[in-house]
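To start, the structure under review is shown below, and the notes come after it.
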Amino acid sequence: MTNALIIRLAMVDHASALASLGRATFKQAFAHLFQDHDETLERYLEQTFTLNKIAKSLLKPNNKYWLALIDEKLIGYAKLKLRSSHPLCRGRRIGQLQKIYVDSTEIGGGVGRALVKIIEDEARRQLCDRLWLSVHEGNAQARGFYEHIGWRDIGQDTFAIGELQLSYRIMVRDLES
Ligand SMILES: CC(C)(COP(=O)(O)OP(=O)(O)OC[C@H]1O[C@@H](n2cnc3c(N)ncnc32)[C@H](O)[C@@H]1OP(=O)(O)O)[C@@H](O)C(=O)NCCC(=O)NCCS
């Protein structure tokens with residue numbers, strides 16, 4: 001891992017940078033799922049990564065975002081959503097690792113592991129006993145990463161974006177206190 005990696009908690013004034021990075025990394029990672037559905041992808045990006053939406057999200061007390069920077073350049077981010085359960089993972093002390101993206105130029109450099117560690121540490125501090133996430137079924141790279149760092153697959157779910165029905169795996173991590 002490079003020594004210049006810095007991970008910092010995001011504040012509302014990072015909304016614009018996060019909206020741009022979120023949009024770019026989503027496209028990098030998932031544009032192939034929208035083959036022949038370009039308009040659906042564009043609509044999703046327009047609706048999801050607006051400055052207003054990201055700023056509102058940053059201000060919600062249950063949400064925490066971290067930014068990963070290398071040599072001052074923003075190259076990744078992750079989001080923890082507290083008190084967010086799933087039908088396969090219910091309870092009062094459940095959190096969600098809702099987003100994690102590393103720029104394609106930095107994949108495999110240890111940034112993802114560092115972001116997940118910060119999320120898990122913060123979830124423990126907030127007295128979560130379990131975290132869950134959803135990962136696209138075809139995203140073998142991310143699924144392999146999560147398994148490698150101790151998450152386990154507990155089942156399947158679907159999510160619609162426009163006319164597309166996407167199939168996801170639900171994975172969990174039990175947090176020992
Ligand atoms: C998934 C993602 C966050 C992982 O981050 P990363 O920075 O590439 O991962 P790291 O370099 O920190 O890898 C950490 C460890 O997992 C291992 N690993 C990574 N991918 C793996 C895989 N597919 N199978 C097995 N192990 C894997 C690494 O070898 C490393 O092991 P080590 O620390 O024991 O040497 C990143 O690849 C990414 O952003 N992908 C595109 C967007 C995406 O798919 N996001 C997830 C949406 S659910």
Side-chain angles (χ1 to χ4, degrees), residues 1-10 14 17-35 40-41 44-45 47-49 54 57 63-82 84-89 94-123 128 130-161 164-175:
M1 191 200 310
T2 172
N3 289 329
L5 173 67
I6 291 175
I7 296 188
R8 109 175 21 131
L9 192 64
H14 293 116
L18 258 177
S20 305
L21 181 70
R23 189 187 167 97
T25 47
F26 186 92
K27 242 179 150 166
Q28 272 177 9
F30 304 120
H32 66 279
L33 299 176
F34 294 81
Q35 224 178 1
T40 305
L41 173 60
Y44 179 75
L45 294 173
Q47 287 168 1
T48 308
F49 298 105
I54 302 292
S57 177
N63 292 343
K64 281 177 190 282
Y65 290 77
W66 283 268
L67 310 175
L69 301 106
I70 291 181
D71 298 332
E72 296 297 311
K73 183 173 178 266
L74 187 56
I75 51 89
Y77 77 101
K79 176 185 177 189
L80 169 66
K81 183 172 182 177
L82 295 163
S84 169
S85 60
H86 181 275
L88 294 179
C89 180
I94 306 291
Q96 181 183 7
L97 194 174
Q98 202 176 35
K99 292 189 193 306
I100 179 165
Y101 294 108
V102 176
D103 187 90
S104 57
T105 57
E106 301 294 341
I107 280 179
V111 179
R113 186 190 270 279
L115 283 167
V116 174
K117 181 174 181 336
I118 281 198
I119 294 250
E120 291 177 356
D121 288 349
E122 176 63 16
C128 287
R130 200 181 234 202
L131 285 171
W132 70 276
L133 61 80
S134 61
V135 52
H136 185 259
E137 198 165 67
N139 191 348
Q141 194 267 328
R143 288 173 66 184
F145 161 75
Y146 293 130
E147 268 164 30
H148 183 77
I149 61 167
W151 288 64
R152 69 196 157 80
D153 188 317
I154 58 162
Q156 188 263 345
D157 197 6
T158 52
F159 183 67
I161 299 185
L164 287 179
Q165 285 288 334
L166 301 172
S167 187
Y168 285 84
R169 302 306 306 176
I170 304 301
M171 298 183 77
V172 296
R173 172 88 161 122
D174 293 316
L175 301 172

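Each ligand, and each atom within it, is numbered from 1 in the order the structure gives.
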Judging by distance only, is a nitrogen or oxygen of Gln141 under 3.5 angstrom from one on ligand 1? yes
In Å and rounded to the nearest 0.5 Å, what is the CD1 to SG distance from Ile170 to Cys89? 9.0 Å
Can you check whether a protein heavy atom sits less than 4.0 angstrom from atom 35 (O) of ligand 1? no
Ile100 vs Tyr146, side chain to side chain contact (heavy atoms under 4.5 Å, CB included): CA-CA, chis, key distance, verdict: CA-CA 11 Å; Ile100 179 165; Tyr146 293 130; 3.1 Å; yes
What's the spacing between Leu88 CG and Gln156 CD if we round to 0.5 Å? 9.0 Å
Atom indices of ligand 1, in the order listed, that fall short of 4.0 Å to a heavy atom of Gly109: 11 (O)
Provide the number and element of each atom of ligand 1 under 4.0 Å from a heavy atom of Ala29. 42 (C)
Please identify which atoms of ligand 1 are closer than 4.0 Å to at least one heavy atom of Gly110. 10 (P), 11 (O), 12 (O)
For atom 25 (C) of ligand 1, what's the nearest protein heavy-atom neighbour? Residue, atom name and distance, please. Gly144 O, 3.4 Å
Given 3.5 Å as the limit, does a donor-acceptor pair link the side chain of Asp153 with the main chain of Gly155, or not? yes
Quick check for you: to the nearest 0.5 Å, what is the distance between Leu80 atom CG and Cys128 atom SG? 6.5 Å
The protein heavy atom nearest to atom 42 (C) of ligand 1 is Tyr101 CD2, 3.5 Å
Polar contact flag for Gly112 and ligand 1 (N/O pairs, less than 3.5 Å): yes
For ligand 1 and Ile100, I'd like to know whether there is a polar contact (N/O to N/O, distance under 3.5 Å). yes
Atoms in ligand 1 flagged as close to Gly108, the criterion being non-hydrogen separation under 4.0 Å: 6 (P), 7 (O), 8 (O), 11 (O)
Output for pair (Arg173 CZ, Glu120 CD), nearest 0.5 Å, gives 4.5 Å
If the test is side chain to side chain contact (heavy atoms under 4.5 Å, CB included), which one of Leu45, Thr48, Ile54 qualifies with Arg23? Leu45
Partner of Tyr44 under ring-ring contact (aromatic ring centres under 6.0 Å, His included), chosen from Phe30, Phe26, Phe159: Phe26
Among protein heavy atoms, which lies nearest atom 33 (O) of ligand 1, and at what distance? Arg113 NE, 2.8 Å
Looking only at protein heavy atoms, which one is nearest to atom 48 (S) of ligand 1, and what is the separation? Tyr146 OH, 3.3 Å
Below 4.0 angstrom, counting only protein heavy atoms, does anything approach atom 29 (O) of ligand 1? no
Find the distance between CD1 (Ile119) and CG (Leu175) and round it off to the nearest 0.5 Å. 11.0 Å
Test side chain to side chain contact (heavy atoms under 4.5 Å, CB included) on Arg152 and Asp174; report intermediate values, then the result. CA-CA 9 Å; Arg152 69 196 157 80; Asp174 293 316; 2.9 Å; yes
Is Phe26 touching ligand 1 with its side chain, its backbone, both, or neither, if touching means heavy atoms under 4.0 Å apart? neither
Which part of His148 is near ligand 1, with near meaning a heavy atom under 4.0 Å away: side chain, backbone, both or neither? side chain
Pick whichever of Asp103, Asn139, Leu115, Ile75 has a heavy atom sitting closest to atom 43 (C) of ligand 1. Asn139
Based purely on interatomic distance, does Ser134 place a nitrogen or oxygen under 3.5 Å from a nitrogen or oxygen of ligand 1? no
The one among Phe30, Phe145, Tyr77 that brings a heavy atom closest to atom 21 (C) of ligand 1: Phe145
To the nearest 0.5 Å, tell me how far Lys117 NZ sits from Ile149 CD1. 11.5 Å
Flag side-chain contact, heavy atom, 4.5 Å: Tyr101 against Lys99: yes
State whether the shortest distance between N or O atoms of Val102 and N or O atoms of ligand 1 falls below 3.5 angstrom. yes
